[in-house]
Amino acid sequence: MSSAKANRRIALIGNPNTGKTSLFNILTGMRQRVGNYSGVTVEKKTGTWTMPSGESVELIDLPGTYSLSASSLDERVAVDVISGHGMGGQAPDLVVVVVDVENLRRNLFLASQASELGVPMVIALNCWDVAEKKGLQIDSKLLEQRLGVPVVPTVAKRKSGTDELAKTIEKALVTRPILVRPKWPEPVQKAIGSLREQLVEQRSESLSEGELQRLLFDRKSAVTERLKTPADEHQAIIEAAREQLYKDGFQPDAAESTLRFRFLNPLLNDVLERQSAMKKRSKSESIDQLLLHKFWGLLVFVGMMYVVFQSVYTWAGPIMDLIETVVGWVQGIASDALVATPMLQSLVADGIIGGVGAFLVFLPQILVLFFFISLLEASGYMARAAFLMDKLFQWCGLNGKSFVPLLTSFACAIPGIMATRTINDNKARLITILVAPLMSCSARLPVYLLLIGAFIEPKYGPNVAGAALFGMHFIGALVAAPFAWALNKTLNKGRKPMPFVMELPHYRVPQVKLVFHRMYESGKEFVVRAGTVIFAMTIIIWALLYFPRSTELEEEVTAEYIGQITQGAMSEISGEIQLDEAQSTELEEQISARYLEQSYMGRFGKFVQPIFAPAGYDWKITVGVLASFPAREIIISTLGITYALGGEVDEESDDLRSTLSNAKWESGPRKGEPVFNIPVALSIMVFFALCMQCGATLAVIAKELNWWWAAGSFVALTSFAWIAAVAVYQVGMLFVS
Ligand code: GDP
Ligand code: MG
């Protein structure tokens, strides 16, 4: 497999959104997520790249960063790797700086910082196609001469220039070219010298020249965390050096960028020629005048989202019907084939197919939704939406950078919470993590789809159904705003929020391949869930709803039934009675229903049901809600099994939606009335929108913060969800009756 000596390492660094991950994917053949906004890659990803010569090296894709001062967690990852403190203390053998040609100057700032750490370098001038289109001319040969490292134009999107880049990298591993470095003015040299003397010579810290620079230039450098010298002592030393620099006429916070740009600017003379670039730019700007407008922009956003949710209903319908038919058909076959073994028949037909099938039906709608989301992301629109939200965010203590994590949470809170690592303001990061689970994730989607499809669509049509789905996605966000505001108030200890800086990506025609890849990924995840978590839970829940079984119970119910139809008159000669077909079906249903009620889960559900009674839930819904605490989408399969086992599957159409609409209260004051009506459906949806029903999210919160925060948010969100569900039901019932 691997050779005796450790694999060589190459790291890809660069500003956000310059095409690092695209290049990484091309070279390693892997499929990391690419997105047209910054903050998509938050963790380093490694892969194996086989170089043209056949030798394998380890390639590392890093989160984007504008500088090495590393104020957020994701930037820290990048800095640690480059300076050799990330992966087992081994610095990369080479870094490839992926540069967006349109912002050459700013991108080279990072390259220049990295060169101070002494790593060999190759520069990829990516998005070369955009430069060409905009009439931007760059003399890459001249640039190469001046910088002292190889410079290769590439178009990662179209894989062009990447072979040349590969060859260049391989050569550079041998020649180890280093980027030219600025010569610092006397005062800077003096300040660094004093740091070297006190920290390296007197206190034997192992610090490179580049690391000393970071200590001097950055207000709070990550490098300090590695010092052995006690904090107050090293802070005093660093402060003194910065003080001296200030006295010598350099503002320490600004010195580096001033000096570095002063060094880089002449290197770029004559390299960059801009022709007719202004025209193109103004076109994109005029689109943004509308899309970023305080009022019209928001209107466009809401309108766009509305259309997206709408199409989830109108487009996916026929395919869903098809899947439902197939599931029903398979269920029939399995049921017939297993007639001889009733328990197995029940497990396979009612449990597995009933449970997993009920869940799988929603695949087409999930795909439609992700199709639109990836389209909006890839075009660069989503980043504009972040901009629009900034005002609202500031009001409740969030940061503009909270947008990407929150947007991601609409798919799943787990990557969303991980993405908060891009937020450099700790308080904003904390609040973002805590509200992320309120964003309506795709696991809630089947719940909405089921209930809206069963109760709202048939009555009010697809337009209202789409609006309801849109509304459900809005509720969590609506609750999140005051929730975040309150957190911000209580947690506040003075500090001003950091200003929001986010670069708007250029509008890009979405790559068809990427869009379909995103759809495929989300679809795959959904199907894999059906085959793993849902499948396993289905079996457990089926067992809890099936056992215990006793023949006595069956005899008891039979006797009761016969007593009922003969009005007691012929109870003496029972066993001789011939039931007609309708009667025996009815009897079977009664037996199933009684078994279900007597099952472990049935008894438990009935025991807990009073808690959910004010929200209008019967014991079956209660069972569904309880079973969904590990993962919310389990309610679908649970309801599927409950109703299949209860023998209530409708004759004409066996889909869950129509079964639910026919369900009646079996006992109590409302006996005979439908269990589900619109207030009940809304109440369930609201509960699922707000409740913290996700074990995995809790674990991630605990990992990113701690278990106290995880437990706190569980208690807070769950009780709040209950209150809201009860309120919705109670208010709704005022209108129904
Ligand atoms: P990263 O943030 O640096 O990892 O960048 P990504 O690889 O995620 O790419 C960001 C966006 O730029 C995506 O929308 C890519 O499709 C797009 N992109 C990448 N390389 C090129 C290129 O050479 N030309 C153009 N026009 N777009 C590119
Ligand atoms: Mg990336």
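Both counts, for ligands and for their atoms, begin at 1 and track the order of listing.
- The shortest side-chain heavy-atom distance between Gln511 and Val515 does not fall under the 4.5 Å cut-off.
- Applying the 4.0 Å criterion to heavy atoms of Thr18 picks out, from ligand 1, the atoms 1 (P), 3 (O), 5 (O).
- Those atoms of ligand 1 with a heavy atom of Val155 less than 4.0 angstrom away are 22 (C), 23 (O), 24 (N).
- By heavy-atom distance, the residue among Lys157, Lys20, Glu132, Arg508 lying nearest atom 21 (C) of ligand 1 is Lys157.
- Close approach of ligand 1 to Gln511 (heavy-atom distance below 4.0 Å) involves ligand atoms 16 (O).
- Distances between N or O atoms of Asn17 and those of ligand 1 include at least one value under 3.5 Å.
- In this structure, Gly14 has no heavy atom closer than 4.0 Å to ligand 1.
- Between Ser53 and Glu170, the side chains place a donor N or O and an acceptor N or O closer than 3.5 Å (distance only, hydrogens not considered).
- Between the side chains of Thr18 and Asn126, no donor-acceptor pair is found at a separation under 3.5 Å.
- For ligand 1, none of its N or O atoms has an N or O atom of Leu514 under 3.5 Å away.
- Polar contact check, Gly19 against ligand 1: a nitrogen or oxygen pair lies under 3.5 Å apart.
- For the pair Arg384 and Tyr507, the cation-pi test (distance below 6.0 Å, angle within 45°) is passed.
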Mind running side chain to side chain contact (heavy atoms under 4.5 Å, CB included) on Phe410 and Ile373 for me, showing each step along the way?
-> CA-CA 10 Å; Phe410 273 96; Ile373 287 182; 5.6 Å; no
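- Inclusion of Ala156 in the set of residues having an N or O under 3.5 Å from an N or O of ligand 1 is warranted.
- Nearest to atom 4 (O) of ligand 1 by heavy atom, out of Asp129, Thr21, Leu12, is Thr21.
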Apply side chain to side chain contact (heavy atoms under 4.5 Å, CB included) to Leu104 and Leu125, showing your working.
-> CA-CA 8 Å; Leu104 191 55; Leu125 283 185; 3.6 Å; yes
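- Any N or O atom pair closer than 3.5 Å counts here, and Asp61 shares no such pair with ligand 1.
- Side-chain contact of Arg260 with Gln113: a donor-acceptor pair under 3.5 Å is absent, judged by distance alone.
- Contact of the Leu179 side chain with the Ile123 side chain is registered, since non-hydrogen atoms from C-beta on lie closer than 4.5 Å.
- Every atom of ligand 1 is numbered from 1 in the order shown, and the set under 4.0 Å from a heavy atom of Val130 is 26 (N).
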